Amino acid sequence: MRKLLTACAQMGPIAKSERRSDCIRRLVEMMREAKSRGCRLVVFPEMALTTFFPRWMIDEEAELDSYYETEMPGPDTRALFDEAARLGIGFYLGYAELTAQHRRYNTSILVDDTGRIVGKYRKVHLPGWAEPLPGRTFQHLEKRYYEPGDLGFPVWRTMGGILGMAICNDRRWPETYRVMGLQGVELVCLGYNTPFGHLNQQPMDGLTLFHNHLSMQAGAYQNATWVVGAAKCGTEEGSTMAGQSVIIAPSGEIVAQAVTVEDEVITAACDLDMGRIYKETVFNFAIHRRPEAYGLITERAGAILPPEENQ
Ligand code: ING
């Protein structure tokens with residue numbers, strides 16, 4: 001039994017005025033709490049260093065750039081890496097990345113318990129829109145401020161298991177987990193910032209929390225993997241975001257769940273061998289999957305309807 005003691009560190013709101021060093025202090029405090037409970041890995045949210053800036057139309061490029069990291073670790077985040085190495089705990093961290101080529105990505109990294117960056121992931125599925133919608137209090141401009149990820153969905157052997165990463169909206173797409181499942185993933189780290197009222201549509205908006213867990217529980221079960229979902233939540237600059245951070249077993253069962261909308265650490269002893277029985281039976285991909293029947297999944301992006309009746 002390969003137990004990976006894992007923490008999911010939910011964050012409450014990050015104010016626009018909050019400095020990176022303030023966020024790092026909060027992350028370090030939760031990292032220490034995770035270590036005090038014996039954890040070897042802690043998962044932080046998506047965009048854990050700044051407020052969720054895609055809720056606004058930002059015209060000034062200098063202001064927009066101020067939300068991105070141009071180096072990782074950088075002057076502020078170095079303290080998080082140093083503390084992780086001192087404590088001997090690995091972590092997943094979500095942040096806005098600005099590359100030397102001036103490309104913008106919604107990014108996460110996986111750092112092992114020696115403080116080494118093991119892997120990087122860039123969010124593939126960008127929700128929302130590129131131009132501000134009239135009449136909305138809050139926008140959702142990730143398609144304006146980020147490019148789709150260009151790294152695919154890799155997995156890495158680290159901390160005694162096979163770990164993968166995803167970010168927020170990725171969790172709603174079965175392809176995300178399946179590509180990692182086809183690489184034998186055993187634990188998916190995933191941060192999210194999920195505002196209520198994303199579409200101003202009822203009953204959909206009222207089902208935000210249900211759809212949050214439904215997406216992750218389905219992904220976990222259908223790929224026999226642990227899923228650790230860390231929210232940034234609460235009312236941030238007037239926008240209220242979903243919490244209910246969660247640690248989900250390969251069975252699809254929730255084994256730990258946050259109960260506040262503040263900084264909160266939840267933990268579980270993740271047996272990385274728990275998925276084996278599913279991978280050898282119900283979800284034995286090699287003997288049950290029929291790729292020859294799945295062509296449309298990669299051949300087309302949008303649905304193409306069948307011809308009208310009686311044609
Ligand atoms: N946020 C949201 C998410 O996928 C959203 C966008 C909210 C989509 C509610 C659908 C419903 O959780 C990010 N950052 O992707």
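Residue numbers count from 1 along this sequence. Every number for a ligand or one of its atoms is a count from 1 in the order of the listing. Here the structure is a predicted model, which is why all the values come from computation and not from measurement. Excluded from the calculations below are hydrogen atoms, water molecules and symmetry mates; all remaining heavy atoms, backbone and side chain alike, are included.
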Considering only heavy atoms, which of Ala231, Pro195, Cys168, Gly191 lies nearest to atom 15 (O) of ligand 1?
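Shortest heavy-atom distance from atom 15 (O) of ligand 1: Cys168.
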Selected option - heavy-atom contact closest to atom 7 (C) of ligand 1, from Met47, Glu46, His198
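Ranked by closest heavy atom to atom 7 (C) of ligand 1, first place is His198.
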How many angstroms lie between SG in Cys270 and CH2 in Trp226, if you round to the nearest 0.5 Å?
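Going from SG on Cys270 over to CH2 on Trp226, the span is 4.5 Å.
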Quick one: CZ on Arg40 to CG on Asp112, what's the gap to the nearest 0.5 Å?
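Those atoms lie 8.5 Å apart.
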With no hydrogens and no angle check, do the side chains of Gln244 and Asn212 hold a donor and an acceptor under 3.5 Å apart?
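Their side chains do not contain a donor-acceptor pair, so the 3.5 Å distance test is not met.
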I'd like to know if the side chain of Ser251 pairs up with that of Glu253 as donor and acceptor (distance under 3.5 Å, no hydrogens or angles considered).
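Yes, side-chain donor-acceptor contact under 3.5 Å.
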Relative to ligand 1, is Met204 under 4.0 angstrom through side chain, backbone, both or neither, heavy atoms considered?
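Looking at Met204 and ligand 1, no heavy atom falls under 4.0 Å.
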Would you kindly check if the NZ (Lys) or CZ (Arg) of Arg289 is within the cone defined by 45 degrees around the ring axis of Tyr294 and under 6.0 Å from the six-membered ring centre?
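Checked: cation-pi criterion not met.
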Report, in ascending order of atom number, the atoms of ligand 1 lying under 4.0 Å from any heavy atom of Asn169.
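Going through ligand 1 atom by atom, the ones under 4.0 Å from Asn169 are 3 (C), 4 (O), 8 (C), 15 (O).
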Among all the protein's non-hydrogen atoms, which is closest to [atom], and how far away is it?
atom	value
atom 14 (N) of ligand 1	Glu142 OE2, 2.8 Å
atom 12 (O) of ligand 1	Thr194 OG1, 2.7 Å
atom 11 (C) of ligand 1	Arg172 NH2, 3.6 Å

Has [X] got any heavy atom lying under 4.0 angstrom from an atom of ligand 1?
X	value
His211	no
Arg171	yes
Lys123	yes
Asn193	yes

Answer yes or no: does an N/O atom from Thr208 fall short of 3.5 Å to an N/O atom of ligand 1?
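By distance alone, the answer is no.
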His125 vs Trp173 aromatic rings, parallel, tilted or perpendicular, using cut-offs 30° and 60°?
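If you compare the ring of His125 with that of Trp173, the planes turn out parallel.
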Which word best sums up how the rings of Tyr221 and Tyr278 line up, parallel for under 30°, tilted for 30 to 60°, or perpendicular for over 60°?
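Ring orientation, 0 to 90° scale: perpendicular.
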Tell me which one of Asn193, Thr50, Thr194 satisfies side chain to side chain donor-acceptor pair (under 3.5 Å) with Lys232.
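Only match with Lys232 under side chain to side chain donor-acceptor pair (under 3.5 Å): Asn193.
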